[in-house]
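The next block holds one structure in the form of structure tokens; read it before the comments.
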2 protein chains.
Amino acid sequence: MHSTDADKAYRRIKELIITTKMPPGSVIREAELMETLALGRTPIREALKQLQSENLVVVASRRGMFVSDVAITDLQKIYEVRVELEGLCVRLAVERAASMQLQQLKKVMARYHTGDKLNHSFLLTLDRQFHQLIAKAAGNHFLYNEFELFYNLSQRIWYLAVDRLNPQDVDIETHFKILAAMKAGDGVLAEQYMREHIRHFHQTIRNYL
Amino acid sequence: MHSTDADKAYRRIKELIITTKMPPGSVIREAELMETLALGRTPIREALKQLQSENLVVVASRRGMFVSDVAITDLQKIYEVRVELEGLCVRLAVERAASMQLQQLKKVMARYHTGDKLNHSFLLTLDRQFHQLIAKAAGNHFLYNEFELFYNLSQRIWYLAVDRLNPQDVDIETHFKILAAMKAGDGVLAEQYMREHIRHFHQTIRNYL
DNA sequence: TTCAATAACATAAGGTCAATATATTTATAC
DNA sequence: GTATAAATATATTGACCTTATGTTATTGAA
């Protein structure tokens, strides 16, 4: 399975934007990215166009491209959609998740006990995997696409505040509650925990911003 | 305000796909679209790439592009997300809608009384405008983007069944109930009606499919 | 009948040229 | 001399066209 240059460009630029290595509002020069990534104009352009539709890049016709800005109000807007989306995810996951998928969740959470609880990037990876597995387990690829979009937007804002954040701010504990509710087959409770978890995440960031 | 060729191509091809003039599963040839739309290869490609990210086009690398297929299960998947998304839209709209936006809704609904109730395309236009106004009134452009995506997917399936549908199947009545609840400031009730409305829409189509 | 070589075809990528928005400079009027 | 406006230079994306590459179907021989 070969991935195209356009896809490589897409993934790399997306990573740069989410981690704020390309900070919000900064100018994007096609020529610069062509050099940096050692790729042609076409794949770069396609990647940027895709990122535009994901609200990570803004294109001003014949003026320039920019990493999309992050308004203070964006956090609220992203949060209020994430809560619904991922609430739905976990509710559906309880109905549809195969036992294998629950096992995967358990395995991911087991890493929490062995890993470095003070390492930001470790905790973030864990959180992403957890949410991704649940979104996958919902068995709805349309929903999964939306989940990815909003999780990315959310994560970028997290990176904006990362220097001021404490590791214990990452609320991994609720993951265990969610998982327990899922195993018990209680979709309503699992959703409630998920909503709390996401609300906590966003409120923590808001306090530091 | 000039729109680019790529944007024109995007809008025209999207319309062709949603109205099933380009039916699900059919082959898309870049060269053919270049002739039909009298545009170059670049804008066509950009449009198709964008439509790919909206689940309307499937690109098989170096093999061909296709209008995305519609599985029977897609209706359910799209429905279950639409219900949440638009439920949230109307709930937020009740909190945030300016009085001008409520007036616009009223104006759109007034057309229902004067228009041709047996004309499918008229009713569909009305329905779209109604849902769009509410989604806009929610004051969250991230959410609005998602709304558009899922409404489009939903509408395409509607077109698949249009020949077997009766005009009275289009449940415009509930629009009035939603509007009334909105004016009364009852977000919970408005959301409940919206969910019913969307459920009704999808169940009707399912019966004919 | 099966497998390998090849031809045909479609997208992927590269590079050039064109269009346009913005900044800069220059000329003119007051 | 200064301010305003027109003209021009520059920078950046938009579009086009050519070439490369990979996939599939076909054809022919073992």
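Residue numbering restarts at 1 for every chain, and letters A, B, ... go by the order of the sequence lines.
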- request: Let me know, please, whether B/Arg29 or A/Ala6 comes out on the 5' side of the other along DNA chain C by nearest nucleotide.
  value: B/Arg29
field: Length of the NZ-C1' vector between B/Lys8 and D/dG14, whole Å
entry: 12 Å
- request: Quickly work out the A/Met34 CE to D/dT13 C1' distance and round it to whole Å.
  value: 13 Å
query: Which sits closer to the 5' end of DNA chain D, A/Thr42 or A/Met65, going by the nucleotide each is nearest to?
result: A/Met65
query: More 5' along DNA chain C: B/Arg63 or A/Asp7, using each one's nearest nucleotide?
result: B/Arg63
message: Rounded to whole Å, please give me the gap between CD1 in A/Ile44 and C1' in C/dA12.
response: 14 Å
task: For A/Asp5 and D/dT21, give me the distance from atom CG to atom P, rounded to whole Å.
output: 11 Å
task: Starting at atom CG of B/Leu37, determine the distance to atom C1' of D/dA15, rounded to an integer number of angstrom.
output: 15 Å
- request: State whether B/Arg62 places a side-chain N or O below 4.0 Å from either non-bridging phosphate oxygen (OP1 or OP2) of C/dA10.
  value: no
Side chains of A/His141 and B/Asp74, donor plus acceptor under 3.5 Å: no
- prompt: Can you check the A/Leu33 CG to D/dT12 P distance for me, whole Å?
  reply: 13 Å
message: Could you tell me if the side chain of A/Ile28 sits less than 4.5 Å from the side chain of A/Met22, heavy atoms only?
response: yes
statement: Scanning both residues in full, the closest heavy-atom pair of B/Tyr151 with B/Leu124 reads OH-O, 4.1 Å
- prompt: How would you label the contact of B/Ala31 with the nucleic acid (heavy atoms, under 4.0 Å): base, sugar-phosphate, or nothing?
  reply: nothing
query: Rounded to whole angstrom units, what separation is found between the CG atom of B/Leu48 and the P atom of C/dA12?
result: 10 Å
- prompt: Does C/dA12 have OP1 or OP2 sitting under 4.0 Å from an N or O in the side chain of B/Arg45?
  reply: yes
task: Give A/Ile28 one of three labels, base, sugar-phosphate or nothing, depending on what nucleic acid heavy atoms sit under 4.0 Å from its own.
output: sugar-phosphate
query: Taking atom types as modelled, is there a side-chain donor on A/Glu54 or A/Asn152 under 3.5 Å from an acceptor on the other?
result: no
message: Please tell me if B/Arg41 has a side-chain N or O lying less than 4.0 Å from either OP1 or OP2 of D/dC16.
response: no
message: Out of the candidates A/Ile17, A/Ile18, A/Leu16, only one should pair with A/Lys14 under the side chain to side chain contact (heavy atoms under 4.5 Å, CB included) rule; please name it.
response: A/Ile18
message: OP1 or OP2 of D/dT13 versus the side-chain N and O atoms of A/Lys49: is any pair under 4.0 Å?
response: no
